[in-house]
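Read the structure below first, then the notes.
Worth knowing before you read on, the calculation uses all heavy atoms, side chains too, and leaves out hydrogens, waters and symmetry mates. These figures come from a predicted structure and were not determined experimentally.
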Amino acid sequence: MKTNIGYIRALAGKLPAVSGYYYKQGAHTQLGTFYRALNAHKFRLHTTSKRNIRSYSTTRENDRRKDNEKPMSGHLIGGILAAGLLGGLAVSPDFRQGTIDTILIAERVGVVTVAMTRCFAVYLWALNKKYNSEEEYERMMSQTHQKAADITLGALRKNGGIYIKLGQHISAMTYLLPFEWTETMTCLQSECPESTLEDIIEMFENDTNEKFHDYFSSFDPKPIGVASLAQVHKAVLASNNQEVAIKLQHPSLAKFVPLDVALTKFVFDAMYKVFPEYPLTWLGDEMQESIFVELNFTYEAENAEKTERYFKDYLKLTALRIPEVYKALPRILIMEFIGGARLDDLKYIDGHKISRSEVCGCLAHIFNNMIFQSGFVHCDPHHGNIAIRHLEKPKNGHNFEIILYDHGLYRTIPNQMKVDYAKFWLALIDKKQNEMKIYGKKFAKIDDEHFPLFAAAITGRDFDHALSANLETLRGDDEVSKMKEAIVSDGMVLNLMSLLATVPRIVLLILKTNDLVRNLDERLHNPLGQERTFVIMAHYCANTVYKDDMEVNSRKHARWSPQWDVGVIRSLLSLYRRRMKLFMVDVTFFFINLFRPAHATL
């Protein structure tokens, strides 16, 4: 009998028990026993195969039935969900609004993500490209700045809300960011989206529990001003016929601000990871810190009342007017209506015979008093928040008032920072560069590398004029062009970004305020020259240092003691010596401007 060893071995692999017995006993000695076991297994295998065939047939039939049932159940579930969705949209306003909000949120996230990705790609391509010359590199970077700014502008316009405010912040940083960015964002100062009257009425009635048409005897549906966070309407109160301005927050902000703030911070954090040499995370932190304060109008009412009380004693110097607040809620502010023209409206100013030099002087007194004396500083001083109003009957020695709006965000400058900042300016006037560095480092937390750039930013002059403290000469077109060329260079941009990341936030506010006063001086063509504003500021600096000297003297020595008397005399002599020097500088500026050609100031 011929044994099919291959078949046996194959079968042995499927029969563990038999194969084990076979290999233990041996093929020759126990072959008969093996064949008997094999025949028994064949029988069992045959019987099992028949059962398996019947079981397999039954299983396949069941599977076919299940396959036929699955699509039907899926369609049924999908139909139920679709019907529920359509029913919810049709019947439940809350469900419908929730669905719309979810879609809008997804859209806002998508707009930010796409814009961020495109901007990153544009800059990565430009920065990693090889250039044949410095001029080619600077030309490409200028084009890249413009392209990225255009992409960002489209995203900010699309999402609106606090994104518009972000763009306005960028446009105001003309002294710190590339020209392409600031110029592109300028249009957002006047492109804020307007909320509908229906949404405004609904919000008013929900927040006040008052009927809108019962509260006002008249309400102008056309806003007199629209900003990124709110819009202002003119109205008349039904209770006393008082003409008022009512500031109403955009109702949509409540839904999207938390998301938008988080997205903004995410973008700047991501930018820092991709471009660590361009740290702008401070801008996201600043917005996250301030936006929720600005969205609560009760803080604005408190700030306005506090500022109005303080400046009552300084009206002859400032001609400042702050609208009185009648009612304040988190999203609604009702205040005195005071109209006016833009502060740089020369036709209005000259037509009402208002002195331009007086206006510039009052403006300098307002903001230098805030910075050096009160320490309670308006955080958003731009052209839209300041107006001028002619008075038929002069008051406090002026035939005009400077109106300051939007008191939503104020900051308090620490006393030591005020003192160090004052000493910095006095050192600059004295042309003592070493002392400028000492006090610049103290209050701005900068190092030697950043000092020239900081001095230029704080004075609004180029490096040569800033470091030499040469402020007597008028800033000409050549100097302005030189500054613009310096700003667009790559090394300067890196230094600017590094400076922004290191200086305290309050210092950035001071830079912004200085820039506003300089800009208005230029627009008003101040007949006494921009140097006059530096003299006014120097008087506040001298008084700040004198006050600090007196306080230090009183802490060190007992009152009326010989040491205290000597300290008082020394401080007074220093103050009056400073005032005399400033008087001489003021006289010098007067004669310089007196004989300056007319085209130099007009």
Apply ring pair (Phe, Tyr, Trp, His ring centres under 6.0 Å) to [X] and list each qualifying residue two or more places apart in sequence or on a separate chain.
X      : answer
Phe268 : none
Phe297 : none
Phe266 : none

Tell me, please, which residues at least two apart from [X] pass salt bridge (Lys or Arg N to Asp or Glu O under 4.0 Å).
X      : value
Lys581 : Asp430
Lys441 : Asp448
Glu308 : none

Can you find a pair of side-chain heavy atoms, one from [X] and one from [Y], that are under 4.5 Å apart?
X      : Y      : value
Arg578 : Cys541 : no
Lys445 : Val507 : no
Phe372 : Asn543 : no
Cys362 : Leu317 : no
Ile429 : Phe534 : no

* Is it true that Lys395 and Glu401 have a side-chain N and a carboxylate O under 4.0 angstrom from each other? ->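 Yes, charged N to carboxylate O under 4.0 Å.
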* Asked: With a 4.0 Å cut-off, would you call Lys247 and Asp406 a salt bridge?
  ->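 Asp406 and Lys247: salt-bridged.
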